[in-house]
Amino acid sequence: MNQQDPKTLVKMANQIALNIPDRVNTSQAVGAHLVKYWAPSLIATLQDYVVSHPNEVSEEVRAALTTV
Amino acid sequence: MSIFPLDRIDTSRDFGTPAVDSSEMLTVTIDGQSVEIPAGTSVMRAAAIVGSSVPKLCATDSLDAFGSCRLCVVEIDGRRGTPASCTTPCEPGMSVTTQSPRLDKLRKGVMELYISDHPLDCLTCPANGDCELQDMAGIVGLRDVRYKQIGKNHLDAPTDDSNPYFSFDESKCIACSRCVRACDEIQGTFALTISGRGFDSKVSASEGLKFIDSECVSCGACVQACPTSTLQEKTVIELGVPTREVKTTCAYCGVGCSFVAELRGNELVRMVPDKDGGANAGHSCVKGRFAWGYASHVDRITSPMIREAITDDWKEVSWDEAIGFAANRLKALQAESGIDSIGGITSSRCTNEEVFVVQKMVRAAFGNNNVDTCARVCHSPTGYGLKQTFGESAGTQDFKSVEQSDVILLIGANPTDAHPVFASRMKQVLRKGAQLIVVDPRRIDLVKTAHIRAAHHLQLLPGTNVAIVNAMGHVVVTEGLVDKGFVLDRCDMVSFNAWQDFIALPENSPEALESSTGVSAEELRAAARLYASAPNGSIYYGLGVTEHSQGSTMVMAMANLAMATGNIGREGVGVNPLRGQNNVQGSCDMGSFPHEFSGYRHVSDDSAREIFNQLWGTSISAVPGLRIPNMFDSAIAKTFRGIYIQGEDIAQSDPNISHVVAALTAMDTVIVQDLFLNETAKYAHVFLPGTSFLEKDGTFTNAERRINRVRPVMPSQTGMSEWEVTCALSQAMGYDMHYDNGSQIMDEIAATTPTFAGVSFAKLDREGSLQWPCNDSAPNGTPIMHVKKFVRGEGQFITTPYVPTDEKTTRKFPLLLTTGRILSQYNVGAQTRRTDNVIWHEEDVLDIHEADALERGISEGTWVEVSSRVGATRLRARVTDKVPAGVVYTTFHYPVSGANVITTDNSDWATNCPEYKVTAVQVQPSTMVVIA
C-alpha cells in the first residue's frame with residue numbers, strides 16, 4: 001500500500017544513513033532505527049520503491065531494507 | 001525554656017527578610033521564646049518565625065533587607081538604641097524584645113510621618129483591606145496625625161496609567177524602594193530607580209519615562225512588592241479586592257510557574273505568583289501574571305459544532321450529536337480504508353490527564369498507534385538524544401540547580417523572552433559572578449544586559465550547532481580537560497574511547513570548522529576551556545538546538561560534552577532543555593509518541609504492552625504508528641483520512657503550511673478540539689470546544705520534570721472537561737472509557753507508568769509538587785537525575801559527525817532565516833493575541849542586518865517580500881545589528897505573517913522535528929501594496 005510519496009521516504013532514509021552514529025555497522029543501525037521508529041507501512045512502501053529505483057537510496061539503506 | 005519547632009512554620013507568611021542557607025545554627029531568644037535559626041538570619045525573620053511579627057514596610061522576604069522605613073525597630077539586651085530588626089543579624093545568645101512602650105512610641109511616630117503625606121481615602125482605595133500601610137497603621141495603634149496635610153506634600157502627584165495591566169499612583173508612594181529592589185533583585189531588569197533626593201525622591205521608570213515607554217517588562221514583581229496601592233493591578237481597581245483563591249499552574253511556557261488565582265465569586269481578579277512555587281519561587285512574567293484574559297475572550301467557542309464539508313457553515317449542536325457525528329465518520333473511514341486510516345495529535349497545552357486519555361483513545365478505541373504530539377515539532381530530539389546517552393528522555397536538573405553553576409553554557413535559547421522567570425533566576429546567578437557562554441546566531445539580550453556581559457558569544461551560522469559542540473569536545477579531549485575520574489567511574493568506556501578517537505580528529509578542531517561555523521577558533525577554544533574547567537558547568541538549551549536537521553545529534557553532542565567534563569549528577573551542572581510549552585515534558589511522558597507508551601517504553605516492549613492490554617482489555621499493536629509528517633503525506637495519498645487534533649494549530653505552527661493545508665483538505669474528517677476557531681479549524685468538520693487552564697483539573701509537568709497541580713479556578717465554560725469529551729468519543733467509537741474525575745486518570749497513569757508510580761492528586765496536594773521519577777525508590781521525587789549512576793547504567797558516549805544541512809544559501813536565496821519568539825507573545829499567538837499584550841507586539845517583523853538592508857534598498861519599516869524554496873510572505877523590516885549580516889530573523893505569532901509558509905520540509909534525521917531554524921531566503925522590498 002503506497003501510503004505516501006516514496007521520494008519523501010527516500011530522503012528520510014538517506015538522511016538517517018548519513019547521520020546514524022554507528023559508522024561501522026551502519027546498515028544494521030539504519031535497519032534497527034527504521035524498525036523502531038517507522039510505521040511498517042512506510043518501510044514497506046520504501047522497500048517496494050527501491051526495487052525499481054535502487055540507485056536513489058544509499059548503499060546502507062539498500063542493505064538495511066533487506067534486513068527489516 | 002523550649003526551642004520553637006521550625007517544622008511548624010507556615011512558609012506562605014512574609015518573614016520580612018529572605019531565608020539564609022547555612023548549616024551553622026545558633027539560638028536566640030525573642031520575647032522570651034528561644035529559637036534555633038541558621039547563622040545570618042535577621043532578627044526580623046527570627047521574630048516572625050516565633051510569631052512575634054515586627055511591624056515593617058520596606059521589608060519583605062523576597063528582597064534583601066534595606067533598613068529604610070524604621071518601623072521594625074527592636075530592643076536587644078546589652079545593646080544601645082533601637083536597631084532595625086531587618087538589617088540586624090542574629091547572634092548567639094541574643095535576647096530581643098519586639099514590644100515595649102518605647103518601641104510603640106517610636107513606631108507610632110514613624111507611621112504618623114508616613115500618613116501625613118498619604119491620601120486618607122482608605123474606604124475608596126482599591127487596596128482597602130489589602131494594604132500593608134493600612135495594616136501597619138492599625139498594628140502600631142495610630143489614631144491621629146499631628147502633621148496636617150496642608151504643607152508641602154505629594155497628594156496631587158500624577159498617576160501613570162500607561163501600562164495596560166497596572167497603574168502607578170505616585171500620590172500613594174511611600175518611597176520604600178520595594179518596587180525598585182524587586183525590579184533589580186528578582187527580575188533583574190533594573191528598569192526602576194528612585195530619582196531625586198529627600199522630599200523629591202520618587203520612583204521613576206527608566207528615569208522619568210512612563211512605564212509603557214520604559215525598559216519595564218511588566219513582570220509584575222514591582223506590583224507584587226508594593227505595600228500600598230501605588231502599583232496596583234487594574235483588575236483590582238475595576239473589580240475590587242479578591243475574596244477567594246485557588247492555587248494553580250500557569251499554562252504558558254515550560255517553566256510552569258505556580259500561581260494563586262484570586263477571585264471574586266467566579267470572576268478572576270488577578271493571578272499572583274506563588275511564593276512556594278517550586279519552579280518560580282514567587283516570581284512571574286507578563287504572560288502568566290497578566291495575560292490570562294484570553295480565557296474569557298469573545299472569540300471563545302463554547303458549543304460543539306459540525307459540518308458535512310469544510311465549505312459549509314458551522315452548525316451548533318449538542319455534545320451528543322457532535323460526538324456521534326464524529327464517531328460515525330471515523331468508524332466509516334476505518335470500515336472503508338482500514339484501521340490505520342485515522343489517528344490523533346495530543347497537545348502540550350493540555351494536562352497530563354487530558355493527553356493520557358487521547359493517546360489511550362487512539363491506541364484502544366482507534367486500534368492503532370497513530371498518535372503523535374506537537375512536541376514532534378519542538379523537543380522530540382531531546383527525548384531521543386537524552387534517552388540514548390543518559391537513559392531518560394528528560395532534563396537532568398531542577399531550576400534551582402542553576403544557583404550552583406559557575407559557568408552556564410546557553411545554546412539556542414533566549415530565556416529572557418521565552419522562559420523569563422527562569423531567566424531572572426539565571427540573571428541573579430550571573431550577577432553574583434557565574435560566567436555565561438552564549439551560542440546563538442543572534443545577539444540575544446543576555447549577551448549584554450544590565451549588570452551582565454557574557455564571557456563569550458559564539459555567534460555561529462544557523463545550522464552549525466554540531467560543529468560548534470564537536471569543536472568544544474575536541475578542545476576538551478586534546479587539551480587534557482577530560483574529567484577522567486568521572487568518565488571511568490560513570491561511563492561506558494568502549495563508547496568513550498570511540499568518541500574520544502572521533503572527536504580528536506583534526507576535522508573536528510575549532511580551526512578546521514571555523515569557516516563552516518563563522519566562529520573564531522580562538523574564541524571557541526577559550527569558551528571550551530571555560531566550561532570544561534568550571535567547578536560546575538551547566539548546559540541550558542532551547543529550540544535553537546532541536547529544530548535542526550541534526551537536532552538529535554546535537555542533543556547527544558551536548559550530553560557527550562557534559563559527561564566528558566564530569567558535569568552530570570549534582571547541583572549546578574547538567575543538560576537542561578528549556579521546554580517551549582507548558583506541558584511539553586508531560587505530553588511526551590504520557591505516551592504521545594507513536595512508538596512509545598507513557599514512561600518512554602517502546603510499543604514492542606512485551607511487558608509494557610501487557611500492562612496496558614491487561615488494564616484496558618485491548619490488544620495493542622506492537623509496531624509504531626505514523627508521525628505527524630507521515631500523517632500529512634499519507635493524507636495527501638488518501639490513505640490517512642481522519643484525525644483528532646487536541647489543542648494544536650497545525651495550520652499555523654507546522655512547517656511548509658501549504659503542504660499542511662493540502663493534507664488537511666484531503667482528509668475526510670478533521671476534528672479540532674480548541675478554545676478558538678483557529679487556522680486548522682478552517683479545515684475541520686467537527687469542532688469540540690476546549691477548556692482553558694482556568695477550568696481544568698489535572699497536572700502539568702514542566703521542564704524540570706516537576707508535576708504541578710492545575711486546579712479548576714472557575715466552572716468549565718463548555719460544561720464538559722476535555723477528558724470527558726475524549727472519553728465520550730471513545731465510547732461512541734465502541735471502546736468503554738470512563739473516569740469520575742482527573743484524579744482517577746492520574747491513578748491509572750501511576751498504575752501503568754513506573755516513573756509516576758508514587759504520584760497522586762492527594763500527594764501533590766500535600767507536597768505542592770513532585771519531580772518524577774517518583775516511586776518506591778524515590779518517594780519524594782527526583783530533583784536531580786543520574787546522581788550516582790545513569791538511568792541507563794553507564795553513560796553512553798555517541799559519536800556525532802557534523803553533517804551540514806541540505807538547506808544551503810545560493811545566489812537566489814542568499815540569506816538564512818531563523819525564527820523565534822518574543823516576551824509578550826507565545827507560540828502561534830492564539831492566547832496572547834487575545835490579550836492586551838498586543839500593545840507590545842502588534843505584528844511580526846523581519847530583523848535584517850544593516851548591510852543586507854542597505855544592499856537591498858530596505859530601511860526601517862519597509863514592507864519586504866521574504867521568499868524561500870517553498871513559499872513567500874511579506875513582513876515589515878526592522879534594521880538591527882542583533883542579527884549578523886547574512887542572517888534574518890522573525891517570529892511566528894500572527895497567522896498573517898506566514899513565517900511557516902516559507903519554512904521547509906527538512907527535518908531532524910532521527911525524529912522528523914522540523915528544521916525551523918534554517919531556511920535559505922531572499923529578501924527584497926515588496927512591490928505589492930499591503931493594506932495594514
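We name chains A, B, ... by the order of the sequence lines, and we start the count at 1 in each one. For the numbers below, each heavy atom of this structure counts, side chains included, while hydrogens, waters and symmetry mates do not.
Of the two parts of Ser621(B), neither the backbone nor the side chain holds a non-hydrogen atom closer than 4.5 Å to a non-hydrogen atom of chain A. In this structure, chain A has a heavy atom under 4.5 Å from the side chain of Asp806(B), while its backbone stays farther away. Heavy-atom distances place no part of Tyr802(B) under 4.5 Å from chain A, backbone and side chain included. With a 4.5 angstrom heavy-atom cutoff, Thr800(B) does not touch chain A via any of its atoms. Both the backbone and the side chain of Asn906(B) have a heavy atom closer than 4.5 Å to some heavy atom of chain A.
Considering CG of Leu626(B) and CH2 of Trp38(A), their distance stands at 11.5 Å, rounded to 0.5 Å. To the nearest 0.5 Å, atom OG of residue Ser549(B) and atom CG of residue Asn19(A) are 6.5 Å apart.
Each of Arg627(B), Gln388(B), Glu596(B), Met556(B) has some count of heavy-atom pairs under 4.5 Å with chain A, and the biggest count is that of Arg627(B). Contact count against chain A (heavy-atom pairs under 4.5 Å) is highest for Asn912(B) among Asn912(B), Val603(B), Thr911(B).
Glu507(B) CD: more than 12 foreign heavy atoms inside a 6.0 Å radius.
Residues Lys36(A) and His595(B) come closest through the heavy atom pair O-CB, 3.6 Å. The nearest pair of heavy atoms linking Pro624(B) to Pro40(A) is O-CD, 3.6 Å. The shortest heavy-atom contact between Ala39(A) and Gly625(B) is CB-O, 3.7 Å.
Between Tyr37(A) and His602(B), the angle of the ring planes goes over 60°, which puts this pair in the perpendicular group of the 30/60° scheme.
Contacts between residues 9-17 of chain A and chain B, defined by a heavy-atom separation under 4.5 Å, are made by Lys11(A), Met12(A), Gln15(A), Ile16(A).
Side-chain contact between Asp633(B) and Asp5(A) is absent, with no heavy atoms from C-beta onward closer than 4.5 Å.
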Margin query: For a side chain to side chain contact (heavy atoms under 4.5 Å, CB included) check, start with the C-alpha distance between Asp22(A) and Thr799(B), then their side-chain angles and the critical distance, and finish with the verdict.
Written below: CA-CA 8 Å; Asp22(A) 189 342; Thr799(B) 53; over 6 Å; no
